Structure formats: structure tokens, C-alpha cells
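Before any comments, here is the structure.
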Amino acid sequence: MHYIEPHAHMVSRTTDDYERLHLAGCRVVCEPAFWAGFDRSSADGFHDYFEQITRFEPKRASTYGIAHYAWICLNPKEAEDLSLAREVLSMIPAFLERPTVLGIGEIGLNKNSNNELAVFHEHLTLATRHQQLVLVHTPHLEDKRKGTQLILDAIREHPDLAPERVLIDHVEEHTVRLALDRGHWAGITLYPTSKCSVARAIDLLDVYGHERLWLNSACDWGVSDPLAVPQAMREMRRRGRTEKDISTITWHNPARFLSQSPRFHLPE
Amino acid sequence: MNKQQVTELYFMDARSKLIELAATLDRLDRADGEADFRWRCLMDCLPILQDHAPEKTARILERMSDPTPSPIAAAGEKGACGVWPGYRGKTS
Ligand SMILES: [Zn+2]
């Protein structure tokens, strides 16, 4: 069965991973802009990174039969320096014109600070002005609950942003309802220790249904597994879920959300 | 799934995780020094496992979360440690 990996940081992965993803049935990967594990020293560092995810990665992915799309932003971990953030924000509109860019993401909060929140608002304004989809990163561990609430309240201050054009990612049991109740989509991230295990992710699908949820591996340079989505598909089969259910969650749902961008096309 | 199916798929895994937790707490007991505040939070979560109310997972995650509503003045560290640092001063 073919599936979409809607959140993967392929710049951190080897070409072998593309090959294994393709063998496992992945036909589309989406790469949100994120933190490199260290702070970039200038706006030029971001420029080169945006080039990489909009030009180099699509080419690398296509060699392995995978369509590659990107999201552009300044990630919240680097939002503390407001002058650098604004310099990077001013570069974003040009990248939104690229043929494989789906929207603004992954924006959000990390430690729930005032500056992170200010930069989040500026991204939302940009998304509204350029009619872009929004992909939101919610904070880690003990910061997630509070951060999710701050994020949802901030989004509400941008009434021109349609809730169904915003996906709140990395939801867990204590935040999924908050996101869905506001009319947003929610992403469940499958991580070996933090975020959700495969079993818990399917529990969330059992409880909250299939309407506006997707699964992703969010594989990056940290502890993560690029094949987490096919692992979840296998677990759904073990629990007796139908093939139709599995493809709803791993193909049709991401396709529904992403197709709100005119740049997204399902592979033939 | 019925309860028998859940048992077949997940009992051995749950048993193994419970024993790992017990072994970790034994290891902590044998170790010198003060226990980090996060262990106290973890112990405070254990009664949730034994009550008869639903949503145990969400309630444990809530217990470990920062309950304050306002943004912080500035982000210092980028990482999270697993339990809200304010739990240090909190009485269980
Ligand atoms: Zn990510």
C-alpha cells in the first residue's frame, strides 16, 4: 500500500532512507523547515537551507520515486533573536513562489516565550497575506499543554485564517481534543520515546476517529524512525483495522489537507 | 478489539514495562545522592494507574505539564526535561 509521509526532515537523512521509504510504499514526503540542532549565525544560513529543501531535496527524492514538498519558516527554537527572525521572515515570500512549497511551517512555540509568540503571530500574518496553509509545531514534553493553548489562542486572533487550513502537529492525549475542537487538523507524531508510540497513536484514532488526523514520523537528526508510519500501518492491521481505514489515515487524509494548496499534486 | 484481544496484543509488553519501571526505581534507591524532583512527580502519577477513572494517559501528561497560563519572559534553555520545573516547589 502506498502512503504519504507528511512530516520528515530529509536533510538529516541519508539517501538510503529515501530508498527504504520507497520500498515501504512512501510516494510523497513533506519537509517542514526546522532547527538544525544549532543556531544559524545569519539569515544567509536560512537562505541556503530554504534552497536545500526547495531545490536539492526534491531532486534527491525524485531519484527514488518520491515526490518531495517543503514548508518554509523560521522555526520557534530560533525565534528568540527578533532582529534575525525579521530578516528571515522578509525572505520567506520569495520562497513561497517555489513550485513545491505548500505553506508556512513548522511554526509554533518551543519554550512558550514572549518572543516566540511574537514571531508566531508574524508568521500567521504572512500566511494570511499570502493565502498559505499553516503547519504548527507544538512544544515538547512539559511545555506542550501550555504551548498548545497559547498557539490556539494566538491563531484565533487571525480570523482570516480558516481553521481547516491549519494543522496542529505533535498532538498527544492531552492536546488532541483542543486542536480538533477549534476546527483544525491534528498530526500525531510517532517517536520511540517522546511524543506518541505507534500503539498510543492508534488509540487516538480509536477515540477521535479519522476525520482530521494524520500520522507522521517527523524523522530528523534526533532519535526517530523514518519508517514509523509503515510500522503504524502494520499495527493497525494487527488490531484488525481494514485496508480502507489504513489508507484513509496514511494517504487520503494527508492528501485532503495538503490539496488545499494548489501546489500539491498526488503522484500518478 | 475485545479485552481478550487487547490482552493478547499488549499484556506482555505492559508486564515488561512495569518490571523495567520497578528495576529503575530499585536502581535509583541503590544510588547515592538526592533524587531529582522529576522522580517525585513520576511517583505522584502512579495512583492514577490504579483509579477507576478514564483518560489515565492524558491525566499523567497533564500532571507533568506546566500549568501556568502566560508566556515566559525569555527562552533560556531550548530543551524540555520531562516534568515542569515548578514541580520542585510543589507539595504532592
Ligand atoms: Zn519537525
Side-chain angles (χ1 to χ4, degrees), chain A residues 35 37-39 75-82 109-121 138-151 153-154 171-178 193-200 202-204 206-207 222 235-241, chain B residues 1-18 20-21 24 36-42 44-45 48-49 53-90:
Chain A
W35 188 53
F38 65 97
D39 289 353
N75 69 85
K77 284 197 177 78
E78 288 172 288
E80 210 48 37
D81 178 346
L82 285 181
L109 300 175
N110 179 53
K111 293 305 292 179
N112 304 324
S113 75
N114 282 323
N115 284 2
E116 289 173 12
L117 197 55
V119 172
F120 181 60
H121 274 292
T138 53
H140 303 278
L141 305 173
E142 71 270 20
D143 299 316
K144 185 180 296 292
R145 175 65 175 76
K146 169 180 175 174
T148 302
Q149 194 63 58
L150 289 169
I151 282 166
D153 292 346
V171 296
E172 291 181 57
E173 289 83 348
H174 59 326
T175 57
V176 59
R177 191 181 295 133
L178 299 174
T193 46
S194 61
K195 305 194 169 71
C196 261
S197 66
V198 157
R200 284 170 55 206
I202 302 166
D203 294 339
L204 290 178
D206 287 345
V207 175
E235 187 73 2
M236 288 177 81
R237 280 186 196 104
R238 284 207 322 149
R239 290 202 195 178
R241 292 298 202 100
Chain B
M1 285 192 294
N2 60 37
K3 284 193 165 47
Q4 185 55 38
Q5 288 166 317
V6 174
T7 306
E8 277 163 23
L9 284 180
Y10 296 108
F11 177 78
M12 291 304 277
D13 180 54
R15 177 185 186 277
S16 150
K17 284 173 178 154
L18 180 63
E20 284 297 325
L21 174 60
T24 305
D36 185 279
F37 75 99
R38 289 173 288 180
W39 291 107
R40 191 165 53 79
C41 178
L42 192 138
D44 289 346
C45 290
I48 294 174
L49 299 180
E55 302 197 4
K56 297 181 195 308
T57 320
R59 287 186 288 134
I60 285 176
L61 287 164
E62 293 275 359
R63 179 69 68 98
M64 295 175 169
S65 296
D66 179 350
T68 64
S70 307
I72 61 171
E77 283 293 296
K78 288 193 201 293
C81 70
V83 172
W84 175 50
Y87 209 91
R88 260 193 201 95
K90 206 171 147 183

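All heavy atoms count here, side chains included; hydrogens, waters and symmetry mates do not. Predicted model, so just to flag it, every value in this text is computed and none were measured.
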* **Residue part contacting chain B, namely of A/N114, when any heavy atom lies under 4.5 Å** =>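 For A/N114, heavy atoms of backbone and side chain both lie under 4.5 Å from chain B.
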Using non-hydrogen atoms only, which part of [X] is less than 4.5 Å away from chain A: side chain, backbone, both, or neither?
{"X": "B/S70", "result": "backbone"}
{"X": "B/E62", "result": "both"}
{"X": "B/E77", "result": "backbone"}
{"X": "B/M64", "result": "backbone"}

Based on non-hydrogen pairs under 4.5 Å, which of [options] is most in contact with chain B?
{"options": "A/Q149, A/E80, A/R177", "value": "A/E80"}
{"options": "A/H140, A/K144, A/R238", "value": "A/R238"}
{"options": "A/K77, A/R200, A/E235, A/K111", "value": "A/K111"}

* Asked: So which of B/P69, B/P67, B/C81 has the biggest tally of heavy-atom pairs under 4.5 Å with chain A?
  ->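 The answer is B/C81.
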Can you tell me how far the [atom1] atom of [X] sits from the [atom2] atom of [Y], to the nearest 0.5 Å?
{"X": "A/E172", "Y": "A/S197", "atom1": "CD", "atom2": "OG", "result": "9.5 Å"}
{"X": "A/I151", "Y": "A/L109", "atom1": "CD1", "atom2": "CG", "result": "4.0 Å"}
{"X": "A/E116", "Y": "A/N110", "atom1": "CD", "atom2": "CG", "result": "5.5 Å"}

* Asked: Where do B/I60 and B/L49 land on the side-chain contact (heavy atoms from CB on, under 4.5 Å) test, with the steps shown first?
  -> CA-CA 9 Å; B/I60 285 176; B/L49 299 180; 3.9 Å; yes
* Asked: Does a donor on one side chain and an acceptor on the other come within less than 3.5 Å for B/T68 and A/K146?
  -> yes
* **Over 12 non-hydrogen atoms of neighbours within 6.0 angstrom of NZ in B/K17** => no
* Do A/D203 and A/R239 sit within salt-bridge range, that is, some charged N less than 4.0 Å from a carboxylate O? ->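 Salt bridge between A/D203 and A/R239, a charged N being under 4.0 Å from a carboxylate O: yes.
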